Amino acid sequence: MSSNTEKDIYILAIESSCDETAAAVVKNGRCVLSNIISSQIELHKLYGGVVPEIASRKHIEKINQVIQEALDTAGMTLDDLDAIGVTYGPGLVGALLVGVAEAKAISYAKKLPLVGVHHIEGHISANYIENPDLEPPFVCLVVSGGHTHLVIVRDYGTYEILGRTRDDAAGEAFDKVARAIGLGYPGGPKIDRLSKEGNPDAIAFPRPKFEDSPYDFSFSGLKSAVLNYLNGCQMKGETVNRADVAASFQKAVCDVLVEHAMQAVRDSGLDKFAIAGGVASNSTLRAAFTEACEKNHIRFYHPSPIFCTDNAAMIGVAAYYEFIAGKRDGLDLNAVPNLKLGER
């Protein structure tokens, strides 16, 4: 390991697990030299959500130019790199395959080591970019469109899952509620904005808990409660205050996430807590965690919003720690759409 860390390590990272085509160059795991993201949000808005086939086609169109831009911005060429890191799961299989095929092609052509990266490990690793003092162990809450996980990061690449959602992920619930109140896609940022105009205590939505597993989450009941409330208003001919619905729903989600996470931190005996994933950029959630961590004397870490949504910089960080630990993948690396956290 020491021989690897004596010289600077430059990694080109590729991320294409959903609807962002992204590439980045990361130096020594913490220094981001470039982070290029080509978003498809405007395209998928027409359909109210991500259409996998369209996402895959767009990745194919964009991936070469995104990689070239990442190299140009970093002032580098493929010959200056030490390794290629790429997301190989979880995600949309067609979208993942575009990135994996590209990474394998560059690895083969330039004889560069290939490192497959778990998408969720990438989100967790985003916290290392702007927090040079952050080292494992710490507790991390991953909240995104497809995932809600509460984990202890024991070491780089070593995770202990404490709890996860039993049904909808938090981000998925945001998208579905946004659609129900007529906000459209993507739901998270739109609910975040609208809720600032509403009363978070206007409607009493449920906060589900499990006696047998205090760290697990469930958001489908909460989502159903919102839909039932909207249907009830419609049947009675009552006007719906969309801002109140958004604010009350968002507060319910935040209350559950904060309560479970703070209990996990207390039970773990650790004093460091981080959030990661697309929903981690939600301003109400960040404010709630800032307050809860101050009250409980816990150090709170969170990536900037640009590193919360899908990006390649976080993949480069995760790839670096895998690389110096000796992980290498062969040209038989395949996309694994349902890859579980901690699986290799």
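Computed from a prediction, not measured in an experiment: that's the story for all the values here. For this chain, numbers begin at 1 and follow the sequence in order.
- Using a cutoff of 4.0 Å between basic side-chain nitrogens and carboxylate oxygens, D212 and R166 are scored as salt-bridged.
- When atom types are taken as modelled, the side chain of T73 and the backbone of A70 share no donor-acceptor pair closer than 3.5 angstrom.
- Distance check: E160 CD to D155 CG gives 13.0 Å after rounding to the nearest 0.5 Å.
- With hydrogens and angles disregarded, a donor-acceptor distance shorter than 3.5 Å links the side chain of K272 to the backbone of E135.
- Inspection of the S283 and K196 side chains reveals an N or O donor paired with an N or O acceptor under 3.5 Å.
- In the displayed structure, Y108 atom OH is contacted under 6.0 Å by at most 12 heavy atoms of other residues, nucleotides or ligands.
- Using a 4.5 Å heavy-atom cutoff, the side chains of L194 and R242 are in contact.
- Looking only at atom types and distance, the side chain of Y301 has no donor-acceptor partner in the side chain of E130 under 3.5 Å away.
- With hydrogens and angles disregarded, a donor-acceptor distance shorter than 3.5 Å links the side chain of S248 to the backbone of N199.
- In this structure, N334 and L97 have side chains that are in contact, with non-hydrogen atoms separated by less than 4.5 Å.
- Side chain to side chain, H123 and D310 meet the donor-acceptor criterion of an N or O pair below 3.5 Å.
- The distance from the CG atom of D8 to the CG atom of N28 is 4.5 Å, given to the nearest 0.5 Å.
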I would like to know whether N296 and M262 meet side chain to side chain contact (heavy atoms under 4.5 Å, CB included); could you show each step before the answer?
CA-CA 8 Å; N296 289 282; M262 289 299 101; 3.9 Å; yes

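- I36 contributes atom CD1, which lies 4.0 Å from atom CD of E69 (distance to the nearest 0.5 angstrom).
- From N282, atom CG reaches atom SG of C254 across 5.0 Å, with rounding to the nearest 0.5 Å.
- Salt bridge annotation for E172-K176: present, with a cationic side-chain nitrogen under 4.0 angstrom from a carboxylate oxygen.
- Using a cut-off of 4.0 Å between Lys/Arg side-chain N and Asp/Glu carboxylate O, R164 and D216 are scored as not salt-bridged.
- In this structure, the side chain of H118 engages the main chain of K340 through a donor-acceptor pair within 3.5 Å.
- Of the options F219, F217, F210, F273, a ring pair (Phe, Tyr, Trp, His ring centres under 6.0 Å) to H260 is made by F217 and by none of the others.
- Under the 3.5 Å distance criterion, the side-chain polar atoms of T165 are matched with a main-chain donor or acceptor of D168.
- Linking ILVMFWY side-chain heavy atoms closer than 4.5 Å, directly or via other members, places L12 and L333 in a single hydrophobic cluster.
- Looking at S195, its side chain does come within 3.5 Å of a backbone N or O of I191 through a donor-acceptor pair.
- Side chains of V245 and V226 form a contact here, defined as non-hydrogen atoms less than 4.5 Å apart.
- In this structure, a donor-acceptor pair under 3.5 Å is absent between the side chains of N64 and Q68.
- Remark: side-chain polar atoms of S16 are paired, donor with acceptor, to backbone N or O of G99 under 3.5 angstrom.
- In I306, the CD1 atom is not crowded: 12 or fewer heavy atoms of neighbouring residues, nucleotides or ligands sit closer than 6.0 Å.
- If you take CG on L285 and CD1 on I275, they are separated by 5.0 Å, rounding to the nearest 0.5 Å.
- With contacts defined as side-chain heavy-atom distances shorter than 4.5 Å, the pair C31/L33 qualifies.
- Residues I11 and L81 have side chains not in contact (no heavy-atom distance under 4.5 Å, counting atoms from C-beta outward).
- A donor-acceptor pair is defined here as one N or O able to donate and one able to accept, closer than 3.5 Å; no such pair exists between the side chain of S144 and the backbone of G278.
- Rounded to the nearest 0.5 Å, atoms NE2 (H302) and CG (L141) are 13.5 Å apart.
- Under a hydrophobic clustering in which Ile, Leu, Val, Met, Phe, Trp and Tyr are joined whenever their side-chain heavy atoms come within less than 4.5 Å, directly or via other members, V177 and F174 fall into the same cluster.
- The minimum heavy-atom distance linking S218 with D167 is given by the pair OG-OD2, 2.6 Å.
- When the options E61, H59, K62 are evaluated for a side-chain hydrogen bond (donor to acceptor under 3.5 Å, both in side chains) with T21, the one that passes is H59.
- In terms of modelled atom types and a separation under 3.5 Å, the side chain of D244 and the main chain of G198 share no donor-acceptor contact.
- Salt bridge status for R179 with D175: absent, with no side-chain N to carboxylate O gap under 4.0 Å.
- The side-chain heavy atoms of Y215 and Q263, taken from C-beta on, include a pair separated by under 4.5 Å.
- Salt-bridge annotation for R57 and E53: present, with a side-chain N of the basic residue lying under 4.0 Å from a carboxylate O of the acidic one.
- Looking at N338, its side chain never comes within 3.5 Å of a backbone N or O of P90 through a donor-acceptor pair.
- Open room surrounds CD on Q234; 12 or fewer heavy atoms of other groups in view lie less than 6.0 Å from it.
- Taking a cutoff of 4.0 Å between a charged side-chain nitrogen and a carboxylate oxygen, K327 and D329 qualify as a salt bridge.
- Residues T284 and D192 are in side-chain contact: their nearest non-hydrogen atoms beyond the backbone lie under 4.5 Å apart.
- Around the CD atom of E291, the shell of radius 6.0 Å holds no more than 12 heavy atoms that belong to other residues, nucleotides or ligands.
- Salt bridge present: K209 and E259 bring a charged side-chain N and a carboxylate O closer than 4.0 Å.
- Between N35 and F307 there is a side-chain heavy-atom pair separated by less than 4.5 Å.
- Hydrophobic cluster membership differs between Y159 and V336, with clusters built from Ile, Leu, Val, Met, Phe, Trp and Tyr side chains linked at under 4.5 angstrom.
- Under 4.0 Å is where a charged nitrogen must lie from a carboxylate oxygen, and between K7 and D82 at least one such pair does.
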If you apply the rule side chain to side chain contact (heavy atoms under 4.5 Å, CB included), what do you find for L96 with Y88, and how did you get there?
CA-CA 6 Å; L96 288 165; Y88 73 105; 5.7 Å; no

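- Side-chain polar atoms of E15 and S17 form a donor-acceptor pair below 3.5 angstrom.
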Stepwise side chain to side chain contact (heavy atoms under 4.5 Å, CB included) test for F138 and I124
CA-CA 11 Å; F138 59 91; I124 293 168; 4.3 Å; yes

